[in-house]
Student: 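My questions all concern the structure below.
As the structure is a computational prediction, the values presented were derived from the model and not from experiment.
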Amino acid sequence: MNDGMIELVGRRPVTFGRRKVTPRACVADSKRHLRAFLSEVLEDLGFVTCECASADELQTVLATELPDLILLGVAADGIEPGRFLEILVREAFAGRVLAVGARESIIVKAVRQVGEEYGLAMLPPLTTPFAAETLRERVAMLLPEEPAPSPAVHVGEALHAGWLELWYQPKIDARTLVRSGAEALVRMRHPTWGVVPPAYFIPEPHDPHFRGLSEFVIDRAVQDWHYLLEQQSPVDLSINLPASYLREPHAVRDLCRRVPTHPAFGGLTVEIDSEEAIRELDLLTEVAREVGLHNIALSIDNLGTNWPSLMGLDRIPFVKLKADRQFVTGSGGDRLKRTVCRHIVELAQGFGARTVAQGVESRADLVAANELGFDLVQGFLFGKPMPLKKFARSALTRTVMGEA
């Protein structure tokens, strides 16, 4: 580095305040698995992330991604931190730099010292191993004081741009606490806003893009199932579809045609929201008969105080009844919630169906679900929805006693 580089920093003042928009971070490390891990942790904190494996990639990242934070992996056999610092100085990088490395590493300390000498905004190093809360403390000044405004993105644009993906939340056997499947949930990874929850882009039931979204969910779930199989962690999957999609010509036939024929495929469950499922019982009875020949089953989702609508029927087309989370979370100490859940379990038992308690967020919720007789549980106690690769790594450990 030279004095000319130092002067460049002075041309662009470094100013930091509490942000109101989604922060962006670049993870720079030569090891792919470390980049993936650090990116996931940052995304959990609310960052939009990108990665670079070498100093040659950094200049492009600075120009195209405009990061607010550079997470610089420092290891004896890794990238050359000196070259990274030179580029950051030359490009007048005005964001923060966080070196990550071994606790006693002389290189980590030197990187911070050299970076400060040349005018870069160096954060206190993050030494490994570290807790997520430690990282949060390091980057707290970059996190927004207020939630970022919801992006106005239509699902049609997201489909065309390839921003949609499926995240997976495990379903757990309520008695053995062993994983017994997973639910696929749609997420949008927007290039500016980061991961966007479905409430901001799921179309209305009669939107013409609902068919495209449904077909995306089916195709991606099958594709992801094959990926999980390659990772030696095949999982029985559930997807969410509207009954209105299944009414469309050829939709059921196309669904049956898309499912894997591999002998390891344990089946696909299609979850239908309870309000629509109850209205469309006749249709779904016919659908269940047809898809059952192709290892596909139907489940009713978000069942709550509308459970009496299923009473008095000779049979139902659903192999599972899933209780609405609003009646599961906190059910241990709420008599009304327990009453609703108990009726759902008794109703399912009468039809020979299994039951799922979604929204299990505490040990008290888990105890209540067991006492009520639920077969499966799902909720933050066992894991939030997570991207495919992260879920694949976690799915290799079949028991979740440690997680609970």
Side-chain angles (χ1 to χ4, degrees), residues 166 171 181-186 198 202-222 225 236-260 265-325 327 340-341 343-358 374-376 378:
L166 293 183
K171 293 183 179 180
E183 180 181 3
L185 301 162
V186 183
I202 294 294
E204 294 298 320
H206 301 295
D207 190 302
H209 291 93
F210 223 134
R211 180 184 180 91
L213 178 61
S214 299
E215 291 176 345
F216 164 81
V217 168
I218 297 168
D219 289 339
R220 180 57 61 87
V222 171
W225 182 87
D236 294 346
L237 298 181
S238 299
I239 60 175
N240 294 273
L241 293 177
S244 56
Y245 168 73
L246 298 175
R247 183 181 289 282
E248 294 194 13
H250 311 303
V252 174
R253 184 187 65 187
D254 290 345
L255 171 63
C256 296
R257 179 177 53 81
R258 286 181 166 102
V259 296
F265 180 64
L268 177 71
T269 301
V270 176
E271 299 189 9
I272 312 289
D273 184 75
S274 63
E275 293 295 332
E276 192 178 18
I278 291 169
R279 288 198 309 269
E280 300 283 2
L281 274 175
D282 291 341
L283 165 68
L284 295 178
T285 299
E286 292 299 318
V287 170
R289 185 178 299 115
E290 183 174 350
V291 300
L293 301 174
H294 299 271
N295 211 4
I296 304 172
L298 303 185
S299 171
I300 189 166
D301 194 12
N302 301 321
L303 190 62
T305 53
N306 53 354
W307 65 268
S309 300
L310 298 176
M311 293 183 65
L313 300 175
D314 294 331
R315 61 181 181 274
I316 58 173
F318 311 110
V319 299
K320 294 188 184 75
L321 305 186
K322 180 188 280 191
D324 194 316
R325 68 178 64 252
F327 297 104
V340 172
C341 289
H343 282 305
I344 291 172
V345 171
E346 292 172 352
L347 184 68
Q349 290 171 344
F351 287 117
R354 304 187 77 195
T355 48
V356 185
Q358 64 174 332
F374 280 98
D375 299 297
L376 301 170
Q378 179 181 348

Student: Using side-chain heavy atoms (C-beta onward) and a distance below 4.5 Å, is Leu268 in contact with Ile239?
Tutor: yes

Student: At what distance, to the nearest 0.5 angstrom, does CD of Glu290 lie from CZ of Arg253?
Tutor: 9.5 Å

Student: Let me confirm one number: the CG-OG distance from Leu283 to Ser244, rounded to the nearest 0.5 Å.
Tutor: 9.5 Å

Student: So, taking the atom named OG1 in Thr285 and the one named CD in Glu280, what distance separates them when rounded to the nearest 0.5 Å?
Tutor: 10.5 Å

Student: How long is the gap from OG on Ser214 to CG on Leu255, to the nearest 0.5 Å?
Tutor: 10.0 Å

Student: Can you tell me how far apart CG (Asp314) and CZ (Phe351) are? Round to the nearest 0.5 Å.
Tutor: 8.5 Å

Student: What are the two closest non-hydrogen atoms of Cys256 and His294, and how far apart are they?
Tutor: SG-CD2, 3.5 Å

Student: Specify the closest pair of heavy atoms between Ala184 and Asn240, including all atoms of both residues, with the distance to one decimal.
Tutor: O-ND2, 3.5 Å

Student: Compare all side-chain heavy atoms of Ile218 with those of Leu241 and state whether any distance is below 4.5 angstrom.
Tutor: yes

Student: Can you tell me how far apart CZ (Phe265) and CG (Leu237) are? Round to the nearest 0.5 Å.
Tutor: 7.5 Å

Student: Between Arg279 and Glu275, is the closest basic N to carboxylate O distance under 4.0 Å?
Tutor: no

Student: Decide side-chain contact (heavy atoms from CB on, under 4.5 Å) for Phe318 and Leu281; before the verdict, give the C-alpha distance in whole Å, the side-chain angles of both, and the deciding distance to 0.1 Å.
Tutor: CA-CA 10 Å; Phe318 311 110; Leu281 274 175; 3.8 Å; yes

Student: Got Phe216 and Leu166 here, is their nearest side-chain heavy-atom distance under 4.5 Å?
Tutor: yes

Student: Any idea which heavy atoms bring Ala323 and Ile344 closest together, and the distance?
Tutor: CB-CD1, 4.0 Å

Student: Side-chain contact test, heavy atoms from C-beta onward, threshold under 4.5 Å: evaluate it for Leu376 versus Lys320 and give yes or no.
Tutor: yes

Student: Is the backbone N or O of Asp375 less than 3.5 Å from a side-chain atom of Thr355, with the two atoms forming a donor-acceptor pair by type?
Tutor: yes

Student: What's the shortest heavy-atom distance between Asp324 and Gln358, and which atoms?
Tutor: CA-NE2, 4.0 Å

Student: What's the verdict on side-chain contact (heavy atoms from CB on, under 4.5 Å) for Phe327 and Thr305, showing C-alpha distance, side-chain angles and the deciding distance?
Tutor: CA-CA 9 Å; Phe327 297 104; Thr305 53; 3.6 Å; yes

Student: Applying side-chain contact (heavy atoms from CB on, under 4.5 Å), run through Ile278 and Asn306 and close with a yes or a no.
Tutor: CA-CA 9 Å; Ile278 291 169; Asn306 53 354; 3.7 Å; yes

Student: Taking all atoms of both residues into account, what is the closest heavy-atom pair of Pro242 and Ile272, and its distance?
Tutor: C-CD1, 4.5 Å

Student: Got His343 and Leu347 here, is their nearest side-chain heavy-atom distance under 4.5 Å?
Tutor: no

Student: Do Asp254 and His250 come close enough that some side-chain heavy atom pair is under 4.5 Å?
Tutor: yes

Student: If every non-hydrogen atom of Ala243 is compared with every non-hydrogen atom of Leu284, which pair is closest and at what distance?
Tutor: CB-CD2, 4.2 Å

Student: Please enumerate all residues that pass side chain to side chain donor-acceptor pair (under 3.5 Å) together with Arg258, with sequence neighbours excluded.
Tutor: Asp219

Student: Under 4.5 Å between any side-chain heavy atoms of Val270 and Val291, yes or no?
Tutor: no

Student: Assess the side chains of Glu271 and Asn302: does a donor N or O sit below 3.5 Å from an acceptor N or O?
Tutor: no

Student: With a 4.5 Å heavy-atom cut-off, do Pro260 and Trp225 have their side chains touching?
Tutor: yes

Student: State whether the number of non-hydrogen atoms from other residues, nucleotides or ligands found under 6.0 Å of Arg315 atom CZ is greater than 12.
Tutor: no

